[in-house]
2 protein chains.
Amino acid sequence: MGSVASSGAGGVSRGRVDKRQAILDAAFAVFARRGYEQACVQEIAQEARVAKPTVYSHLNDKETLFRHTIDAAADILMAENLAVVERLRDRAPDDDVRVAFADLAQRLLRICCGERARALRWLTYAQVARFPDLIETVQERTAHRPRAALADRLARLSLAGRLRPCDPEQAAEHFFALLTGPLESRSRLGTRSVPAAELRGMADAAVDAFLRAYGSD
Amino acid sequence: MGSVASSGAGGVSRGRVDKRQAILDAAFAVFARRGYEQACVQEIAQEARVAKPTVYSHLNDKETLFRHTIDAAADILMAENLAVVERLRDRAPDDDVRVAFADLAQRLLRICCGERARALRWLTYAQVARFPDLIETVQERTAHRPRAALADRLARLSLAGRLRPCDPEQAAEHFFALLTGPLESRSRLGTRSVPAAELRGMADAAVDAFLRAYGSD
DNA sequence: ACGCTACTGAACCCATGGGTTCATCCTAAG
DNA sequence: CTTAGGATGAACCCATGGGTTCAGTAGCGT
C-alpha cells in the first residue's frame, strides 16, 4: 500500500515524503470499509500515519478528499477494464470467438469482484444523493468507456462475419448485462465472495447466451 | 404514496388515528430522499405530523424504524413483481410468446423505475456496511423470488416447446440481467428518468436478445 | 547558521442529531 | 364527569466529528 517510509523507533516519517499519496491511499481504505459519513478524518489521518491538520493542508475538506479517492479508483478500474477488452483486438480475429469471449468474460468478472470495484460501486451508490455528479464520472469510466471499447471490437467481428449483423452498442450493452447482472445477484451486492468455480460458470453461461443471441449461425 | 388509512375496523389502532402507519410512511419518504444517516428523526416526525417522542414510543430507535420501512417496501415490491410475472401463467400458452414477454418486460421495467424501487435499491446499497443482513431480505424478495417465479413459467414454456430446452433458473437469471443491466446504466443508477420510449426500446431489445438465446427454432 | 516550509499533536470551537425527560393536553372509555 | 393513557413540544443531555488554532519541531536549501 502506501509508502510507509521511515525508520523504526519513536520516529515517524517526518520528511516530505509524499504524504499526499499516503493520505489518498488511506482515505480509500477507510472510506471503503466505513462509507463516507462513517469515515472520520481522524481515522484516515491515523491510517496514513499523519496528523489531522496535514490532511486538511493537502486536501481542503472531507468532500475534496472523497472526490479525489473516487476519481483515482475510477481511473484505475477504467484502465484495467480497457486493457482486458483490448486483448480482443489481437486474439479474436485468429482464435475461436467463443474462447476469446470466455477469456474476456472471466477477466472482467475478476475485476468486478475485486476489492476496488466493490468499494467503488458501493461508495458511489451510497452517495447518489449527496454527490450526484460523481455518478457521471464513475459510470463514464467504469461502464460507458469499456462498453464503447467492446462495441468497437464487436463491430469488427460482425463485419468479418464472426458475429451476426447487429448494433454493436446494443450487443456490448447486453454482453455486460449478462455478465454483471448475475454477479450482483450472486455476490449479494458484493457481501458474499463468489467461489472461482461459480465465477467461471457464470462467465461461460453468459458467453453461451451471448453467442446464441449474437453469434453467426 | 402513503395513504394514512387508519383501518378503523378490527385494527389495533392505538390512540386516535393510526400514528404508527403515518410514521412509517413518513420514514420511507424521508429516508428515500436523504439516506439513512442524513435523515434525522426530527424531520420524520414533522413529516408524519407527530412529535418526536411519539416516534420513539412506537419504534424503539432509528435503526428499528429503518428496518421496518425497508421491510415494508420490499414486501410491496415483491408483490408487484410476482403479480406481473404471474400474468404469464394465463397469457403465454395462448398468445405469441414474444408479445407476452414484451409485455412482461415493460411492466418489470416500469416497476424498477418507480420511486419505491429506486429508493429501496439505493438505501440498501448505501447501508451494505452497517446492516449487511438487510441485503438478504431485500434481494430475496425483490430478486430471487421473482426470478424463481419466472423460472417456473419458463420451465413450462420450455416443456411445451415454446422455448428451447434449457435450465429455467439460468434463463430467468439472464432475462432479468438483460432487462435491469441496461436500465441501471441508462438511468445512471436512478438519477436520470428514462423516457418512456427509450424504456420500451430497452424492453424490446432485451426480449429480442433473450428469444434469440432461448427461443425455439 | 539561518530561516523557510512542512509536519505534528493536542486542545479547542461548534453544529448536528440520537435519545430522554417532563409537565401538560386531549380524547376515548366507563 | 372522571380518568387513564396516548400524544405533545420544548428543553435537555451527551457523543460524535468536521474543521481550526497554535506552539513547537524537523529537514532542506542557501
Side-chain angles (χ1 to χ4, degrees), chain A residues 2-27 29-31 33-69 123 126-127 129-131, chain B residues 4 6-27 30-31 33-69 123 126-127 129-131:
Chain A
S3 45
V4 196
S6 164
S7 45
V12 192
S13 72
R14 206 70 171 214
R16 355 242 107 141
V17 217
D18 44 346
K19 303 278 183 188
R20 187 186 165 95
Q21 193 53 44
I23 292 172
L24 288 174
D25 289 346
V30 173
F31 281 137
R33 69 165 172 268
R34 295 248 194 271
Y36 179 73
E37 352 250 356
Q38 289 302 303
C40 63
V41 178
Q42 175 64 23
E43 187 178 357
I44 293 174
Q46 274 175 17
E47 184 124 343
R49 300 171 181 278
V50 144
K52 193 158 72 139
T54 306
V55 174
Y56 283 99
S57 89
H58 281 282
L59 291 312
N60 284 341
D61 52 18
K62 197 184 180 185
E63 179 175 338
T64 306
L65 191 48
F66 186 67
R67 301 191 106 97
H68 274 86
T69 61
L123 287 172
Q127 298 308 317
R130 201 195 288 254
F131 311 123
Chain B
V4 193
S6 82
S7 75
V12 211
S13 71
R14 320 227 283 270
R16 333 174 182 157
V17 217
D18 199 350
K19 303 278 182 187
R20 187 186 166 96
Q21 192 55 44
I23 292 171
L24 288 174
D25 289 345
V30 175
F31 281 136
R33 71 165 172 268
R34 294 250 194 270
Y36 179 72
E37 351 250 355
Q38 289 303 303
C40 64
V41 178
Q42 176 63 24
E43 186 178 357
I44 294 174
Q46 276 176 12
E47 183 123 344
R49 299 171 181 281
V50 143
K52 191 159 71 140
T54 306
V55 173
Y56 283 99
S57 88
H58 281 281
L59 291 313
N60 284 340
D61 51 20
K62 196 183 180 184
E63 179 177 338
T64 305
L65 190 49
F66 186 67
R67 300 191 108 96
H68 274 86
T69 60
L123 287 172
Q127 298 309 316
R130 201 195 287 254
F131 312 122

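Below, read A as the first sequence line, B as the second, and so on, with proteins coming before strands; counting in each chain starts at 1. Computed from a prediction, not measured in an experiment: that's the story for all the values here.
- Distance from the side chain of A:Val41 is smallest for D:dG18 among the nucleotides D:dG18, C:dT21, C:dT8.
- Atom CD in B:Gln42 sits about 16 Å away from atom P in D:dC12, given to the nearest Å.
- Residue A:Ala39 is classed as a sugar-phosphate contact, given heavy-atom separations below 4.0 Å to backbone atoms only.
- For the pair B:Lys52 and C:dG17, the criterion of a side-chain N or O lying under 4.0 Å from OP1 or OP2 is not met.
- Between A:Arg130 and B:Glu37 there is no salt bridge, since none of the side-chain N atoms of the basic residue sits less than 4.0 Å from a carboxylate O of the acidic one.
- As rounded to whole Å, 13 Å separates atom P of C:dG17 from atom OH of B:Tyr36.
- Residues A:Arg67 and A:Thr64 are not in side-chain contact: their nearest non-hydrogen atoms beyond the backbone lie 4.5 Å or more apart.
- Side-chain nitrogen and oxygen atoms of A:His58 include at least one within less than 4.0 Å of the OP1 or OP2 phosphate oxygen of C:dC7.
- Across the protein-nucleic acid pair, A:Glu37 atom CD and C:dA15 atom P stand 20 Å apart, rounded to whole Å.
- Taking atom CD1 on B:Ile23 and atom C1' on D:dT8, their separation rounds to 12 Å, with Å as the unit.
- DNA chain C is contacted by both A:Pro53 and A:Ser57; A:Ser57 maps to the nucleotide lying nearer its 5′ end (nearest heavy atom per residue).
- Per the geometry, CZ belonging to A:Arg130 stands 12 Å off C1' belonging to C:dT16, to the nearest Å.
- Distance, B:Tyr56 OH to D:dC13 P: 17 Å, rounded to whole Å.
- Summarising the geometry, the separation between CZ on A:Phe31 and C1' on D:dG17 is reported as 13 Å, rounded to the nearest angstrom.
- Using a 4.0 Å cut-off, some side-chain N or O of B:Thr54 falls inside it from OP1 or OP2 of D:dT8.
- If you take CG of B:Asp18 and C1' of D:dA7, they are 14 Å apart, rounded to a whole angstrom.
- Within the 4.5 Å cutoff, the side chain of B:Asp25 has no heavy atoms near those of the B:Thr69 side chain.
- Within the 4.5 Å cutoff, no side-chain heavy atoms of B:Val55 are placed close to those of B:Lys19.
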